[in-house]
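See below for the structure under consideration.
First listed ligand is number 1; within each ligand, the first listed atom is number 1.
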Amino acid sequence: MEKLLIEGGIPLRGTVRISGAKNSAVALIPATILAETPVTIGGIPNISDVGVLGDLLEEIGGVVTFNGQDMTVDPSKMIDMPLPNGKVKKLRASYYLMGAMLGRFKKAVIGLPGGCHLGPRPIDQHIKGFEALGAQVTNEQGAIYLRADELRGARIYLDVVSVGATINIMLAAVRAKGRTIIENAAKEPEIIDVATLLTSMGARIKGAGTDVIRIDGVDSLKGCYHSIIPDRIEAGTFMILAAAAGERIVIDNVIPQHLESVTAKLREMGVQIETLDDQMIVTGGNDLKTVDIKTLVYPGFATDLQQPFTSLLTKANGTGVVTDTIYGARFKHIDELRRMNANIKVEGRTAIVNGPVALQGAKVKASDLRAGAALVIAGLMAHGITEVTGLEHIDRGYEDLENKLRGLGARIWREKLTEQEIEQVQNS
Ligand code: EPU
């Protein structure tokens with residue numbers, strides 16, 4: 001076990017290159033199961049969630065090669081092996097194995113997924129979709145069993161706008177017989193990315209990125225090359241970090257349109273942002289106005305940026321109200337920020353942030369991925385040294401975070417935890 005040490009208060013400057021999108025990668029990799037010949041995906045981030053998914057594809061007979069950048073999956077010898085336990089429980093996105101294996105083999109057994117603890121995260125809409133396509137779905141001892149004699153296209157209205165359900169139904173439907181229509185679909189860029197890969201594989205999909213997606217099933221899909229989109233959440237994290245602790249940071253390899261809501265909020269605070277074709281230049285400041293944020297489905301303010309943004313608000317003038325309408329319990333970072341002297345109150349789905357305060361370095365623990373990003377940003381802003389544990393969460397989703405930060409001038413490094421510290425972390 002390791003901890004991250006951050007010496008705060010050093011103004012950051014330079015250029016940082018954004019990696020491929022984690023939330024695309026974790027869907028694109030399972031999508032390769034649907035092809036009959038090898039698929040290569042360029043720009044895959046080297047993060048632990050990707051490693052686990054690669055291992056899972058190997059468990060079912062795939063041949064996976066990953067050079068830290070491009071991943072090639074040969075799915076030709078894959079079998080419908082049940083995956084009720086083990087690595088499948090390590091990440092939430094293993095639920096995409098359900099849609100992909102159902103699509104290819106007409107059956108799948110997948111242990112109920114793990115991932116970040118953000119309060120209840122049901123998958124009822126995924127199951128509703130699979131059932132509408134003709135699958136029988138049962139939950140036995142913590143694993144979902146799916147079986148269909150034949151998958152038939154259907155009209156599916158999602159009661160909740162869900163990224164995961166939209167993608168999972170798309171995966172199952174591309175090889176179903178006839179037309180599937182997903183209504184009230186999620187519109188996130190990652191959904192378009194998965195649809196682009198599937199289309200290159202030979203699928204017939206229209207409307208990805210809108211709230212109605214039409215899929216005409218095909219008998220088989222073939223291999224192809226696909227280049228992943230940049231990670232808008234990593235980019236947003238660096239934009240917030242630049243506003244919080246940066247002088248002038250160039251964020252390279254971004255699609256600025258994917259970042260409009262966070263850009264608008266930062267500008268409202270008084271942060272200077274220059275937008276180029278595939279770069280954003282963010283100049284941090286010390287006299288920032290506070291703002292209220294409310295997380296919404298895309299293109300609204302992303303819930304994944306709510307936690308990092310809370311850290312930034314601690315240095316803004318006034319009282320900012322942060323409401324998470326997607327995950328009402330995504331506030332585990334707040335207690336840790338309070339240890340660092342933040343003045344924040346949580347009431348239901350809302351955090352009330354009073355600023356400005358001078359954050360102080362402290363020992364804090366990341367309880368989930370974006371809480372980890374929030375604490376790293378707070379550590380970069382704080383006086384003194386901050387020690388962050390729970391790094392397994394950060395490593396799930398941010399590629400090479402310390403090196404990228406060191407490239408901007410940050411003093412940040414890892415150390416092994418002593419046995420006594422391990423005990424303290426486990427008991428906290
Ligand atoms: N929901 C249901 N039923 C379902 C599915 C979702 O009620 O069947 C609810 C959820 O509880 C939540 C809302 O619908 O309140 C939205 O959930 P969604 O299904 O869109 O979330 P997800 O697909 O499980 C993805 C990202 C999350 C991100 C959310 C929201 C992946 C692997 N995960 O999760 O990313 O927060 O969309 O945008 O794509 C992260 O990157 O840190 C992360 C947690």
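The proximity of His393 to ligand 1, defined as any non-hydrogen pair under 4.0 Å, does not occur for either the backbone or the side chain. When heavy-atom distances to ligand 1 are checked against a 4.0 Å cut-off, Thr303 comes that close only through its side chain, counted from C-beta outward.
Those atoms of ligand 1 that come under 4.0 Å of a heavy atom in Arg92, given as number and element, are 24 (O). Close contacts of ligand 1 with Val26, meaning ligand atoms under 4.0 Å from a residue heavy atom, involve 32 (C). Taking every heavy atom of Gln125 and a limit of under 4.0 angstrom, the matching atoms of ligand 1 come to 3 (N), 4 (C), 8 (O). Atoms of ligand 1 found under 4.0 Å from any heavy atom of His126, numbered from 1 in the order shown, are 8 (O). In summary, the atoms of ligand 1 found under 4.0 Å from a heavy atom of Lys22, numbered by their order in the structure, are 40 (C), 41 (O). Interface of Ile123 with ligand 1, defined as ligand atoms under 4.0 Å from a residue heavy atom, comprises 4 (C), 8 (O). Distances below 4.0 Å separate heavy atoms of Tyr95 from the following atoms of ligand 1: 22 (P), 23 (O), 24 (O), 34 (O). Every atom of ligand 1 is numbered from 1 in the order shown, and the set under 4.0 Å from a heavy atom of Gly164 is 19 (O), 23 (O).
Side chains of His226 and Asp193: a donor-acceptor N/O pair is present below 3.5 angstrom, by distance only. Of the N and O atoms on the side chains of Asp324 and Gln306, at least one donor lies less than 3.5 Å from an acceptor on the other residue.
No N or O atom of Ala93 sits closer than 3.5 Å to an N or O atom of ligand 1. The shortest N or O to N or O distance between Tyr96 and ligand 1 is not below 3.5 Å. At a 3.5 angstrom cut-off on N or O pairs, Asn23 counts as close to ligand 1. Between Ile326 and ligand 1, an N or O atom pair is found at a separation short of 3.5 Å. Ligand 1 has no nitrogen or oxygen under 3.5 angstrom from a nitrogen or oxygen of Ala165.
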Please set out all donor-acceptor pairs under 3.5 angstrom arising from side-chain atoms of residues 131-157, sequence neighbours excluded.
residue, atom, partner, partner atom, Å
Thr138, OG1, Glu140, OE2, 3.0
Arg155, NH1, Glu183, OE2, 2.7

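Distances shorter than 4.0 angstrom do not occur between any heavy atom of Glu190 and any atom of ligand 1. Look at Tyr298 and you'll find every heavy atom at least 4.0 Å from all atoms of ligand 1. At least one heavy atom of Val160 sits less than 4.0 Å from an atom of ligand 1.
Here the CG atom belonging to Leu102 is positioned 11.5 Å from the CZ atom belonging to Arg175, to the nearest 0.5 angstrom.
Across Tyr96 and Val26, no two heavy atoms sit closer than the pair CD1-O, 3.3 Å. Contact detail for Leu337 and Ser311: the closest heavy-atom pair is CD2-OG, 3.6 Å.
One finds no salt bridge joining Arg406 and Asp400 here, because no Lys/Arg side-chain nitrogen approaches an Asp/Glu carboxylate oxygen to under 4.0 Å. With respect to Lys22 and Asp231, no salt bridge is recorded, no charged nitrogen being found less than 4.0 Å from a carboxylate O.
Comparing heavy-atom distances from atom 44 (C) of ligand 1 across Gln306, Arg370, Arg330 singles out Arg330 as nearest. When the heavy atoms of Leu296, Asp304, Leu305, Leu158 are ranked by distance to atom 28 (C) of ligand 1, first place goes to Asp304.
For Arg411, the CZ atom sits in a loose shell: 12 or fewer heavy atoms of surrounding residues, nucleotides or ligands are nearer than 6.0 Å. Within 6.0 Å of CG on Asn67 lie more than 12 heavy atoms contributed by other residues, nucleotides or ligands. For Lys294, the NZ atom is loosely surrounded, since the number of other residues' heavy atoms within 6.0 Å does not exceed 12.
Applying side-chain contact (heavy atoms from CB on, under 4.5 Å) to Val321 and the options Ile293, Thr350, Thr290 leaves one that passes, Thr350.
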